[in-house]
Amino acid sequence: MSFVLTQGLTGLASASSLFLVAAGLTVIFGVTRVVNFAHGSLFMLGAYLAWSLLTRLPRDPACFALGVLGAALATGAIGALLEVTLLRRLYRSDALFQLLATFGVVLIVQDVAPLLWGPADLPLPRPPWLRAFVQIGEARFPRWDLTLIAIGPLVLVLLWLLLRRTRFGMLVRAATEDRDMAAALGIDQRRLFTAVFALGSALAGLAGALVLPSSSANLQMDLTVVVDAFAVVVIGGMGSVPGAFLAALLIGELQAFGIVLLPQATLVLTFALMAVVLILRPFGLLGAAPTAREHAEVPRSIGPPSSRAGWALLIGLAAAALAPVLLPAYPLAVLTEALIAIVFAASLHLMMGPGGMPSFGHAAWFGLGAYGAGLAVKLLAAPVPLALLAGVGLAGAAALLLGLCVVRLSGVYLAMLTLAFAQLVWAAATQWRDVTGGDDGLLGLWPALPVRFYWVVLALAAAIVWLLRRAQYAPFGMALRAVRDAPLRAAASGLPNDGLRLAAFAVAGAAAGVSGALFAFAKGSVFPTYLAIGHSVDALLMVLLGGVQSVSGPVLGALVYTGLYDALLQATPYWRAVLGVVVLVVVLAFPYGLAGTRRSSRLSAVGVAEPAAPAGVTLPAAAAGGATLAVEGLRKSYGGIDALAGVSFALRPGEIVALIGPNGAGKSTCFAVLNGQQRADAGRVLLDGIAVGGLAPARLLRRGVGRTFQIAARFASMTLRENVQVALLGRHGGVWAAFGRLAHRHRAAGDALLAAVGLAGQGDRPAAALAYGDVKRLELAIALAGAPRLLLLDEPTAGMAPPDRRALMALVRDLARATGCTVLFTEHDMEAVFGTADRILVLDRGHLIAAGPPEAIRADPQVQAVYLGTG
């Protein structure tokens with residue numbers, strides 16, 4: 001019994017330390033949305049600063065507390081300086097470039113720390129009061145660990161009071177909920193972000209100082225703790241301090257008992273827990289799904305293929321072909337590794353660029369490719385070509401299987417789950433010695449003819465880069481970008497979102513497997529380090545240095561990174577610091593990477609133009625008449641509250657009907673059920689007599705249901721014509737074509753749809769440059785691309801000026817009459833409702849209280865009482 005109690009207390013002490021680090025990371029992310037990879041470096045600096053203070057102070061408890069507090073405050077000041085001098089300049093940049101900048105700080109600190117404190121571990125000389133124990137049954141337990149157990153909950157309570165009971169906390173919570181609204185209310189975000197970064201950094205420094213009595217200050221503690229801290233934050237839910245505390249408790253106890261019960265699995269228990277939690281709860285234990293505003297960042301635009309870039313690649317390929325004749329053995333070996341790195345980076349770019357799927361564990365596929373090839377040689381005596389196929393097959397199959405579980409995730413959650421998988425594979429490679437050789441690795445894999453092998457590497461690298469480049473401008477790549485830009489809009493346009501992301505995930509994994517298999521033969525060996533976190537970080541650095549916006553970015557990034565790494569490694573012992581400085585310079589001077597293109601500031605937003613007369617425009621394959629919609633006894637409850645309480649109504653073909661009511665009436669819920677976003681608890685939805693309730697948006701499109709969104713959704717990284725062309729692909733098929741340009745598909749039909757909504761002649765205009773009114777028009781064209789028989793418009797004029805509202809609703813009315821389409825729309829602008837609708841439905845508290853023509857609804861006393869008023 002005493003053993004169980006002491007192990008439980010050990011887990012609580014570990015959880016307390018882990019929570020202190022993770023709490024700071026959570027607070028920083030919650031407000032600034034910065035994924036701060038340098039948080040582990042701040043933890044390490046806190047430990048070193050505490051060592052410097054505590055070894056110079058008297059060794060009594062009061063001075064110890066003073067030294068720990070001083071280290072925490074000093075670390076907080078360093079964090080504030082980091083925010084003011086670096087991160088403040090990057091808040092408008094892509095989140096991945098912020099991550100890259102913080103990793104540059106990590107590299108610098110890794111070289112600065114040994115200069116200041118030396119390379120040796122620095123244990124803290126402990127006075128008797130720090131070495132004391134308490135007796136628990138037959139076991140002794142460190143008194144200091146009991147102190148740690150108390151500090152964690154104390155910090156949690158203090159943070160709760162700070163965030164819930166102070167003005168500062170109110171401002172923090174406001175910025176966490178909606179940064180734009182906080183700025184509009186006059187909150188000084190610059191000062192707030194600096195204060196939050198200082199607070200989070202001070203917590204990291206406090207955690208570093210508090211581990212000294214039971215550990216030591218050392219140069220390995222930064223990356224170790226930041227990975228664990230990220231795991232805690234992700235398991236608990238990004239931005240949730242209570243979630244971080246709960247996750248720290250789970251991990252602390254899991255590790256404390258796991259080291260006894262499952263000693264072989266201690267390396268992966270945390271990541272196994274993270275994988276299980278994220279698969280079951282995609283946003284963590286206490287996390288919430290990102291709001292629409294959090295997804296509002298303008299997606300990364302991949303520019304059209306440049307002829308200059310193409311010529312540069314051809315010239316580079318020709319130069320590389322001459323390398324065996326011109327270069328001695330060592331430079332040729334470096335060039336071979338650079339070509340392999342290009343394949344590795346290009347594979348990750350497919351996921352991160354058009355796929356929008358960041359990965360912190362891309363080394364998993366690289367390592368599996370290497371092990372697949374190595375084991376094929378060792379166990380089956382396979383020749384090099386078959387061994388390469390074995391590596392690619394193993395990596396691609398593993399990526400496909402993992403992708404089936406994770407493609408619905410996004411952002412940091414997806415990235416951390418890929419890291420969890422990479423750590424699981426790394427642990428298996430380390431401990432499955434009978435098969436993988438463990439830390440001794442697989443040796444003796446040298447190819448018979450090194451020069452011929454170089455030609456193989458060059459040919460494969462050129463072929464893979466060319467194929468990935470072609471695919472990104474083909475219908476497949478453009479559809480994948482559409483899913484990244486606006487997933488709900490893509491699904492409503494008939495695109496197979498999960499299938500496209502899964503295909504990109506598997507292809508990227510297989511391509512990374514090629515690079516790993518080639519690397520195994522280039523090095524003549526395979527080791528678990530191929531799967532390590534550092535190797536995944538290398539891939540991220542290469543892609544981000546080159547630029548995510550350009551398909552030539554990973555090529556340039558891989559060449560620069562490998563060349564710079566090799567040169568610095570030979571030139572200076574402080575290569576990490578120099579490389580970190582280079583990373584920071586690139587991030588600040590080239591915010592879209594070395595090969596990225598800055599979005600032109602000349603793109604101007606054009607206001608709403610008067611619509612072209614739909615009568616003079618022939619819509620492509622327009623729907624033959626409208627559809628009959630019947631809603632019978634629709635019910636939907638949330639926590640015991642009825643959002644819909646037995647709603648029934650019907651729409652006739654070609655009818656334009658408005659659904660109105662006060663806030664909370666159930667309009668949004670009704671629309672969400674009708675368009676397939678939610679399932680009703682009871683009732684039926686019939687389209688032309690066929691039940692369609694519960695069908696996914698893509699299947700509803702096949703049945704003739706189109707829709708627009710309250711917050712207009714379009715594919716912002718594309719042109720207007722490409723937006724409509726992708727929607728036409730969703731209707732007619734062809735999204736899986738990996739060759740051929742999208743520009744040649746449905747061009748005339750796309751231009752006709754743009755003309756029909758008043759955007760004639762603007763097909764080549766970037767969608768990101770549109771004024772809001774024109775975005776609404778574009779979204780209407782995208783919806784019409786599905787040739788809908790029933791069109792659902794969710795507050796089509798929300799956020800528009802009165803003249804623009806009238807123009808848009810006149811356009812909707814004319815288009816509906818021209819196509820015979822049935823229209824159901826929600827709207828708060830009564831001028832638009834009464835000027836457009838043939839009939840009006842009124843909801844109140846989940847009940848349909850009135851239905852009829854506009855004149856009858858305007859005169860209805862009950863409608864006047866609950867919504868319209870009598871004025």
Side-chain angles (χ1 to χ4, degrees), residues 312-347 363 366-367 369-374 376-378 381-389 391-392 437 440-465 511-530 532 534-535 538-539 541-542 545-546 554-573 575-576 578-579 582:
L313 290 175
L314 286 175
I315 293 171
L317 182 61
L322 297 174
V325 180
L326 302 175
L327 297 179
Y330 178 74
L332 188 64
V334 173
L335 182 56
T336 302
E337 292 185 26
L339 291 171
I340 294 171
I342 287 173
V343 177
F344 190 30
S347 68
F366 182 94
Y371 272 106
V377 171
K378 287 295 185 179
V384 170
L386 290 180
L388 289 174
L389 288 176
V392 174
D440 295 331
L442 302 175
L443 306 176
L445 303 177
W446 297 106
L449 299 170
V451 174
R452 183 178 296 179
F453 178 71
Y454 171 81
W455 291 111
V456 171
V457 173
L458 178 61
L460 286 175
I464 290 172
V465 170
V514 174
S515 62
L518 292 173
F519 194 74
F521 289 111
K523 290 296 186 181
S525 57
V526 184
F527 294 101
T529 53
Y530 294 5
H535 207 61
D538 288 342
L541 285 172
M542 288 186 283
L545 282 174
V555 176
L556 181 59
L559 291 174
V560 170
Y561 181 74
T562 53
L564 189 62
Y565 179 88
D566 184 72
L568 292 175
L569 198 61
Q570 298 183 56
T572 174
W575 62 269
R576 292 182 187 86
V578 177
L579 182 59
V582 171

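All heavy atoms count here, side chains included; hydrogens, waters and symmetry mates do not.
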Over all heavy atoms of both residues, which pair between Val377 and Ala387 is shortest? Give the atoms and the distance, please.
CG2-CB, 3.7 Å
When rounded to the nearest 0.5 angstrom, what distance separates CG in Leu579 from CG in Leu541?
7.0 Å
Exercise: identify the closest heavy-atom pair between Ala522 and Ile340
CB-CD1, 3.9 Å
Rounded to the nearest 0.5 Å, the CZ atom of Arg576 sits from the CG atom of Leu569 at a distance of 8.5 Å
Which atom of Ala345 lies closest to which atom of Ala558, heavy atoms considered:
CB-CB, 4.3 Å
CG-CG distance between Leu518 and Leu388, expressed to the nearest 0.5 angstrom:
5.5 Å
Tell me the closest heavy-atom pair linking Leu545 and Tyr561, and the distance in Å.
CD1-CD1, 4.1 Å
Looking at Ala373 and Phe521, what are the two nearest heavy atoms and their distance?
CB-CE1, 4.0 Å
Tell me which donor-acceptor pairs under 3.5 Å the side chains of residues 328-336 have, and how far apart each pair is, sequence neighbours excluded?
residue : atom : partner : partner atom : Å
Tyr330  : OH   : Asp566  : OD1          : 2.8
Tyr330  : OH   : Gln570  : NE2          : 3.3
Thr336  : OG1  : Leu332  : O            : 2.8

side-chain hydrogen bond (donor to acceptor under 3.5 Å, both in side chains) partners of Tyr530, counting only residues at least two apart
none
Angle class for the Phe519/Phe366 ring planes (parallel below 30°, perpendicular above 60°, tilted otherwise)?
tilted
Less than 4.5 Å apart, side chain to side chain, heavy atoms only: is that true for Leu386 and Pro383?
yes
Ignoring hydrogens and angles, write down the donor-acceptor pairs under 3.5 Å from the side chains of residues 440-464, residues two or more places apart or on other chains.
residue : atom : partner : partner atom : Å
Asp440  : OD2  : Arg433  : NH2          : 2.9
Tyr454  : OH   : Ala320  : O            : 2.6

